[in-house]
Amino acid sequence: MARKKIREYDSKRLFNHHLKRLSGIELHIRSAQITESTDISELAASEPWLSSEKLVVKPNMLFESAARVGWWGSISI
């Protein structure tokens, strides 16, 4: 069986898209991917929920690796 590693951000986005397409169920998953070139101020302006909700920060790992390592934390902007 073919396997392609994907990031958790992408897996949640794909899961939500196909769940809505196939069953009509839409999960209200809010996520943002931040890289070294991301301007945090600009991102917070375009996504207002980032400034008003509790956030979970996860390292940039592939979906399978993040669960194994257990690196989870929270941060407020």
Side-chain angles (χ1 to χ4, degrees):
M1 186 171 168
R3 224 171 98 170
K4 180 172 175 101
K5 295 183 178 187
I6 61 172
R7 290 184 169 75
E8 185 176 351
Y9 171 81
D10 296 318
S11 68
K12 287 182 178 179
R13 187 178 51 82
L14 287 169
F15 179 77
N16 194 30
H17 170 76
H18 291 294
L19 184 67
K20 181 180 177 184
R21 182 178 61 86
L22 296 172
S23 67
I25 299 170
E26 184 175 2
L27 299 176
H28 297 286
I29 298 174
R30 295 181 181 166
S31 59
Q33 188 169 18
I34 298 173
T35 64
E36 61 275 353
S37 62
T38 303
D39 181 4
I40 302 293
S41 305
E42 188 176 305
L43 183 63
S46 67
E47 301 286 349
W49 60 269
L50 287 171
S51 300
S52 62
E53 294 188 18
K54 196 177 265 192
L55 305 175
V56 175
V57 177
K58 298 181 181 180
N60 189 12
M61 299 178 73
L62 297 175
F63 182 71
E64 188 177 82
S65 304
R68 240 189 348 240
V69 175
W71 286 355
W72 318 114
S74 62
I75 188 171
S76 297
I77 294 180

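- In this structure, Ile34 and Tyr9 have side chains that are not in contact, with every pair of non-hydrogen atoms separated by 4.5 Å or more.
- Sequence neighbours left out, the pairs with a member in residues 21-36 that pass salt bridge (Lys or Arg N to Asp or Glu O under 4.0 Å) are Lys20-Glu26, Arg30-Glu53.
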Could you pull out every donor-acceptor pair under 3.5 Å between side chains of residues 38-45 and any protein atom, sequence neighbours left out?
{"unit_1": "Thr38", "atom_1": "OG1", "unit_2": "Thr35", "atom_2": "N", "d": "2.9"}
{"unit_1": "Thr38", "atom_1": "OG1", "unit_2": "Thr35", "atom_2": "O", "d": "3.3"}
{"unit_1": "Thr38", "atom_1": "OG1", "unit_2": "Thr35", "atom_2": "OG1", "d": "3.2"}
{"unit_1": "Asp39", "atom_1": "OD1", "unit_2": "Ser41", "atom_2": "N", "d": "3.3"}

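- With side-chain heavy atoms closer than 4.5 Å counting as contact, directly or through intermediates, the hydrophobic cluster containing Leu27 also holds Phe15, Leu19, Ile25, Ile29.
- The line from OG of Ser11 to CG of Asn16 is 11.0 Å long, rounded to the nearest 0.5 Å.
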